**Student:** 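This is the structure I want to talk about, given as C-alpha cells.
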There are 2 protein chains.
Amino acid sequence: MKRLGILLSGRGSNLAAIAESIAQGRLRAEIAVVIGNRASAPGLEIARSLNLRAVAMPSQGIDREEYDARLAGELQASHVDLVCLAGYMRLLSGGFIRAFPQRILNIHPSLLPAFPGLDAQRQAFDHGVKIAGCTVHFVDERLDAGPIVRQASIEVQGHDTRETLASRILDQEHRIYSEAIQFVLDGNFEMDGRRVVCKSL
Amino acid sequence: MKRLGILLSGRGSNLAAIAESIAQGRLRAEIAVVIGNRASAPGLEIARSLNLRAVAMPSQGIDREEYDARLAGELQASHVDLVCLAGYMRLLSGGFIRAFPQRILNIHPSLLPAFPGLDAQRQAFDHGVKIAGCTVHFVDERLDAGPIVRQASIEVQGHDTRETLASRILDQEHRIYSEAIQFVLDGNFEMDGRRVVCKSL
C-alpha cells in the first residue's frame with residue numbers, strides 16, 4: 001500500500017476528503033503521517049480523530065532550511081511515497097523539493113496559471129471570471145507553478161458570493177485531489193515539457 | 001433591430017458563426033458592416049458571400065490614431081450599436097475605445113486572465129492545463145483584460161494536439177460569442193467593479 005504524508009496549516013478539509021476517499025475504497029493508499037506546522041491547526045485534531053499519526057511541528061521562528069530538513073526527516077522516517085500539501089501555508093525550500101522529486105502535490109483553488117497566491121477564490125470572484133475552478137499540481141520551487149495533474153471547473157452563477165463560490169470550489173477540490181493522488185501513485189504518466197501526459201495513450 | 005459592426009483581420013470563422021446565429025433566430029441583430037484591416041482577409045470574402053456590407057480598410061503603415069478615427073467614422077456612419085472584434089489582430093487606440101464605451105466586444109481563445117496575447121491555445125497546451133476554454137470580454141485599453149461577459153471551458157484530452165485543442169476551443173467560441181452579443185444587446189446587466197452582473201438577479 002502506497003503511503004501518503006499530508007502537510008497542513010489549517011482546517012484540514014482536504015485531509016478529511018482524502019481519508020474519506022481511502023475509507024470508501026476510491027483511493028488505494030494509506031495516510032502514514034499528518035504534519036501540521038501550527039500546533040493549533042484544526043487539521044491535526046481531524047487526524048487524531050481518524051486515528052492517524054498526527055505530528056505538530058511548529059515552524060514559527062525557525063529557519064526555512066532547518067525546518068524543512070526536519071520535515072523531510074519526519075516524512076522519510078514515515079516512509080512516505082507521496083507528499084500531499086493540504087492547506088500548507090508555507091513555501092517549501094529547494095532542498096525539500098529536491099528530496100522528493102515529482103513526489104509533492106498541492107491543491108490550489110483556482111484554474112492555474114490564473115490567480116496564484118493567497119485568496120485565489122476571492123481574486124477570481126473580484127476579477128469577474130465566469131468559469132472558476134481548482135488545480136492539483138506538482139510542487140516546484142515557484143509558487144503555484146508546477147506541472148498540472150488535474151483541474152476541475154465550475155460556472156460562476158449570478159447569485160454567487162465570494163463565500164458560495166469558495167465553497168463550491170472546495171467541493172471540487174475534495175473530488176479531484178483524491179483522483180490526482182491515485183493517478184500519480186499509479187505512475188501511468190510521463191512528462192512532455194511541463195505537460196503531464198497519460199502513458200497509456 | 002440592433003446593428004453590429006464586425007472587425008476582422010483573418011478567416012472570419014466567428015463572423016460566419018454570428019451570421020449563422022442570426023439566420024437561425026438565436027441572435028436578434030443584424031450585421032451592418034464588416035470591416036477588414038487587410039484587403040486579403042478571407043473574412044471579407046465570407047461577408048460578401050453572405051451579402052453583407054464588406055469594407056476593406058488596409059491599416060498597414062497608417063498611424064493608429066488616424067486609422068482608428070477612420071474606423072470609428074465608418075462604424076458610426078453605419079449606425080452600429082455594438083462593435084464585435086472577430087479575429088481583429090490590431091490593438092485599438094484609447095480614442096476608439098472611448099468612442100464606443102462598453103460597446104466593443106472581443107473573443108479570446110483562453111480562459112482569461114490566463115494566456116492573454118497571441119497563440120493562446122498553444123500557450124495553454126504547452127503549459128499543460130487540463131481545462132482550456134475561451135472568453136468574451138469588453139475591450140478596454142489593455143490587452144485581453146477588459147470585463148468578462150462569458151466564458152466556456154473544455155477538458156483537454158490525452159489525445160489532444162495543439163490543433164485539435166484549438167479546433168474544439170473554436171467550436172465553443174462560435175457558441176458563446178453569439179450568446180454574449182445577445183446578452184450585451186439586451187442590456188440586462190450592470191457593472192460591480194469589473195464584474196459583469198445580471199440585473200434581473
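Values in this document were obtained by computation on a predicted structure and should not be read as measured data. Chain identifiers are assigned alphabetically (A, B, ...) following the order of the sequence lines, protein sequences preceding nucleic acid strands; residue numbering begins at 1 within each chain.
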**Student:** For the CD1 atom of B:Ile6 and the CG atom of B:Leu44, what is their distance to the nearest 0.5 Å?
**Tutor:** 12.0 Å

**Student:** What part of B:Val156 gets within 4.5 angstrom of chain A, counting heavy atoms only: side chain, backbone, both, or neither?
**Tutor:** neither

**Student:** Salt-bridge test for A:Glu74 and A:Arg53: reply yes if a basic N is under 4.0 Å from a carboxylate O, no otherwise.
**Tutor:** yes

**Student:** A side-chain contact here means heavy atoms from C-beta on lying under 4.5 Å apart; do B:Arg70 and B:Ile62 qualify?
**Tutor:** yes

**Student:** To the nearest 0.5 angstrom, please state how far the CG atom of B:Leu143 sits from the CG atom of B:Leu118.
**Tutor:** 8.0 Å

**Student:** Could you name the residues of residues 14-37 of chain B that have a heavy atom within less than 4.5 Å of a heavy atom in chain A?
**Tutor:** none

**Student:** Of the backbone (N, CA, C, O) and the side chain (C-beta and beyond), which part of B:Arg150 lies under 4.5 Å from a heavy atom of chain A, both, or neither?
**Tutor:** backbone

**Student:** Between B:Asp68 and B:Glu65 (side chain of the first, backbone of the second, donor and acceptor by atom type, cut-off under 3.5 Å), is there such a pair?
**Tutor:** no

**Student:** With side-chain contact (heavy atoms from CB on, under 4.5 Å) as the test, would you mind laying out the steps for B:Asp144 and B:His137 before giving the verdict?
**Tutor:** CA-CA 8 Å; B:Asp144 301 329; B:His137 64 93; 4.0 Å; yes

**Student:** Would you mind checking which part of B:Phe125 comes under 4.5 Å of any heavy atom in chain A, side chain (CB onward), backbone (N, CA, C, O), both or neither?
**Tutor:** both

**Student:** For each of A:Ala114, A:Ala152, A:Pro113, tally heavy-atom pairs with chain B at distances under 4.5 Å, and name the one with the top tally.
**Tutor:** A:Pro113

**Student:** Side chain, backbone, both or neither: which part of B:Leu111 has a heavy atom under 4.5 Å from chain A?
**Tutor:** side chain

**Student:** Ignoring hydrogens and angles, tell me if any N or O in the side chain of B:His127 forms a donor-acceptor pair with the backbone of A:Ile148 under 3.5 Å.
**Tutor:** no

**Student:** Considering heavy atoms only, which positions within residues 76-104 of chain B lie below 4.5 Å of chain A?
**Tutor:** none

**Student:** I'd like to know if the side chain of A:Asp192 reaches the main chain of A:Arg195, judged simply by a donor and an acceptor atom lying under 3.5 Å from each other, with no hydrogens or angles considered.
**Tutor:** no

**Student:** When rounded to the nearest 0.5 angstrom, what is the spacing between NZ in A:Lys130 and CD in A:Gln157?
**Tutor:** 10.0 Å

**Student:** Could you list which of residues 168-191 of chain B have a heavy atom closer than 4.5 Å to any heavy atom of chain A, in residue-number order?
**Tutor:** none

**Student:** Using modelled atom types and a 3.5 Å cut-off, is there a donor and acceptor pairing between side-chain atoms of B:Thr161 and backbone atoms of B:Glu163?
**Tutor:** yes

**Student:** Would you confirm whether B:Arg38, through its side chain, and B:Ala41, through its main-chain N or O, come within 3.5 Å as a donor-acceptor pair?
**Tutor:** no

**Student:** Would you find a donor on one side and an acceptor on the other, under 3.5 Å apart, between the side chain of B:Thr135 and the backbone of B:Leu112?
**Tutor:** yes

**Student:** Using modelled atom types and a 3.5 Å cut-off, is there a donor and acceptor pairing between side-chain atoms of A:Ser110 and backbone atoms of A:Phe115?
**Tutor:** yes

**Student:** If a pair satisfies salt bridge (charged side-chain N to carboxylate O under 4.0 Å, His left out) and one of its residues is in residues 111-128 of chain A, list it, with sequence neighbours excluded.
**Tutor:** A:Arg122-A:Asp126, A:Asp126-A:Arg162

**Student:** B:Leu7 versus B:Leu71: any side-chain heavy-atom pair under 4.5 Å?
**Tutor:** yes

